[in-house]
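Each remark here refers to the structure printed beneath this line.
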Amino acid sequence: MTNYAYLIVGGGMTADAAIHGIRQVDSKGPIGVIAEEAHPPYDRPPLSKALWKGKPLESIWRKNANDEAILHLGRRGAVAGPSGQADQR
């Protein structure tokens with residue numbers, strides 16, 4: 001079982017910003033990201049505009065997430081409450 005100093009739930013642009021913010025104060029702590037989405041964080045507005053203008057698909061992916069955190073994509077998290085019963089998130 002992997003232990004993370006930081007665990008981010010959700011994998012959008014905000015997760016990427018959180019990774020960047022964590023790295024500004026902690027350059028070594030392990031970061032994990034759990035996201036239901038199957039793709040790493042990407043720039044959503046440029047997705048449609050960049051592809052219309054002929055830019056390569058690779059131009060939409062945000063660089064931080066893959067380099068600075070372990071991504072668990074296509075997954076949902078569960079939280080155990082005080083009673084021990086799992087709650088899907």
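As a basis for the values below, the full set of heavy atoms in this structure was taken, side chains included, without hydrogen atoms, waters or symmetry mates.
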- In sequence, state the C-alpha distance, the side-chain angles, and the governing distance for I8 and I34, and then conclude on side chain to side chain contact (heavy atoms under 4.5 Å, CB included). CA-CA 6 Å; I8 299 168; I34 297 175; over 6 Å; no
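Minimum heavy-atom separation, A35 to G10: CB-C, 4.1 Å. Between V33 and A69, the shortest heavy-atom contact is CG2-CB, 4.1 Å. Shown here for E68 and I19, the closest heavy-atom pair between the two residues is CB-CG2, 3.5 Å.
A donor-acceptor pair under 3.5 Å is formed between the side chain of R23 and the backbone N or O of G29.
Using a 4.5 Å cut-off on side-chain heavy atoms (C-beta onward), D26 and Y6 make contact. Within the 4.5 Å cutoff, side-chain heavy atoms of L73 are placed close to those of P40.
Every ring-ring contact (aromatic ring centres under 6.0 Å, His included) that Y4 has, sequence neighbours left out, goes to H72.
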